[in-house]
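In the text below, chain A, chain B and the rest are named by the order of the sequence lines, each starting its count at 1.
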There are 2 protein chains.
Amino acid sequence: MVKRRSLKGDYCPSARSLDVIGDWWSLLIVRDAFDGLTRFSEFQKSLGIAKNILSERLRTLIARGILKAVPAANGGAHQEYHLTEKGRDLFPVMVALRQWGEQYLFEPGEKHSRLVDRDTGQAVRLDVRTEDGRLIGPDRAVILKVADPEQP
Amino acid sequence: MVKRRSLKGDYCPSARSLDVIGDWWSLLIVRDAFDGLTRFSEFQKSLGIAKNILSERLRTLIARGILKAVPAANGGAHQEYHLTEKGRDLFPVMVALRQWGEQYLFEPGEKHSRLVDRDTGQAVRLDVRTEDGRLIGPDRAVILKVADPEQP
DNA sequence: CGGTATCCCTGAAGATACTG
DNA sequence: CAGTATCTTCAGGGATACCG
């Protein structure tokens, strides 16, 4: 999917983001990249994805500037796939998804992985705030439409 | 998509979230709901989605507890679709997507909609922090794997 | 190991017509 | 207006075989 009508022209940044990373596999690959995976086989094993699909997804993610291919760190012959800065900046998206999932998609006693500060072990959280730091909910936010200068 | 292998069993909350809302249309519908849309025709017009597809998506979102169908507010005969609390809690996800899109998917001068505090007009931001409020980046976070008590 | 090249198949989405 | 019912299309993805 993600194809039938590109949202490139949409003025809503969320829609454009979904256009770029809103497909099934891409975000899972990114998640694994955050998780430290770098090699083709690692992704494949982790995701259980067909090789041709993985190959194409990696290519797309590179084309979109989210991953970059780099030579093996240890001098090996293989490629490695690393997040670019653009890719790393998806961190809040991943954390937001994680946080929501933790809250709603696990049974009370059910175990799940946790995201913590590697230095202090503290849980990691994410909140929406105004510029001066006040917490804000959806009811207090409003979308400011921007008129299209091109359109009549 | 979203089907071939359900990630229900995955211990990664992000993966489960993607399993539930990671499909193309669902998040766009949720976005529109945040945007204040409530009626079938409003969603259809906004998204340009086929009616049968919209119908099915709304049903799925209701089944998943993200939307709820309520009688028309003004006493009209039609249905309205409102976000549940679970749905509203997707707010950080939407803001995170928006923020990333704003940063990377628009040309320098290109206009886009903005999310602001409705009272003060201040821009809305989102950051990942530790519990005691320190900003944290992907390099400082680590995923704590949780062993499966069921699995040998 | 790290892919590319094919073939096939399913199911999600579109179009359209119809109903209360 | 707010859907449901069908039919059809098509591309994303799985499987497999092959290659440097």
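- Partners of A:Arg59 by side chain to side chain donor-acceptor pair (under 3.5 Å), not counting sequence neighbours, listed by chain and number: A:Ser55.
- Under the salt bridge (Lys or Arg N to Asp or Glu O under 4.0 Å) criterion, B:Glu102 pairs with B:Arg98, sequence neighbours left out.
- Over its length, the helix from C:dC1-D:dG20 to C:dG20-D:dC1 turns its helix axis by 40°, as judged from the five terminal pairs at each end, rounded to 10°.
- At whole-Å resolution of the value, CG in A:Leu58 and P in D:dG12 are 16 Å apart.
- In this structure, B:Trp25 atom CH2 and C:dG14 atom P are separated by 6 Å, rounded to whole Å.
- Salt-bridge check for B:Glu56 with B:Lys51: failed, with every basic side-chain N at 4.0 Å or more from each acidic carboxylate O.
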Sort me out a list of protein N/O and nucleotides 4-6 of chain C N/O pairs below 3.5 Å, or just none if empty.
from	atom 1	to	atom 2	distance (Å)
C:dT4	OP2	A:Ser55	OG	2.0
C:dT4	OP2	A:Arg59	NH2	3.4
C:dT6	O4	A:Asn52	ND2	3.0

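- For A:Tyr104, the ring pair (Phe, Tyr, Trp, His ring centres under 6.0 Å) partners two or more places apart in sequence, or in a different chain, are A:Trp100.
- In this structure, CD of B:Glu42 is placed 12 Å from P of D:dG3, rounded to the nearest angstrom.
- For A:Leu37 and C:dG2, the CG to P distance is 12 Å, given to the nearest whole Å.
- Residue-level contact check: B:Tyr81 touches the backbone only, with heavy atoms under 4.0 Å from sugar-phosphate atoms and none from bases.
- Residues forming a salt bridge (Lys or Arg N to Asp or Glu O under 4.0 Å) with A:Arg57 (at least two apart in sequence, or on another chain): A:Asp23.
- Under the ring-ring contact (aromatic ring centres under 6.0 Å, His included) criterion, the residue pairs touching residues 107-128 of chain B are B:Phe106-B:His112, with sequence neighbours excluded.
- Note: CD1 (B:Ile49) to P (C:dT16) measures 16 Å, nearest angstrom.
- Protein atom CD1 of B:Ile53 is 14 Å distant from nucleotide atom P of D:dA5, rounded to whole Å.
- As rounded to whole Å, 14 Å separates atom P of D:dA2 from atom CG of B:Leu47.
- Partners of A:Asp132 by salt bridge (Lys or Arg N to Asp or Glu O under 4.0 Å), not counting sequence neighbours, listed by chain and number: A:Arg134.
- With D:dA2, C:dG14, C:dA12 as the choices, the nucleotide that has an atom nearest any side-chain atom of B:Arg57 turns out to be C:dA12.
- The same ILVMFWY cluster, assembled from side-chain heavy atoms under 4.5 Å apart, contains both A:Ile53 and A:Leu61.
- For the salt bridge (Lys or Arg N to Asp or Glu O under 4.0 Å) test, no residue two or more places apart in sequence or in another chain qualifies with B:Arg114.
- The interatomic distance linking B:Phe43 (CZ) with D:dC1 (P) rounds to 16 Å, in whole Å.
- In the set C:dG14, C:dC1, D:dC1, the nucleotide with an atom closest to the side chain of B:Arg39 is D:dC1.
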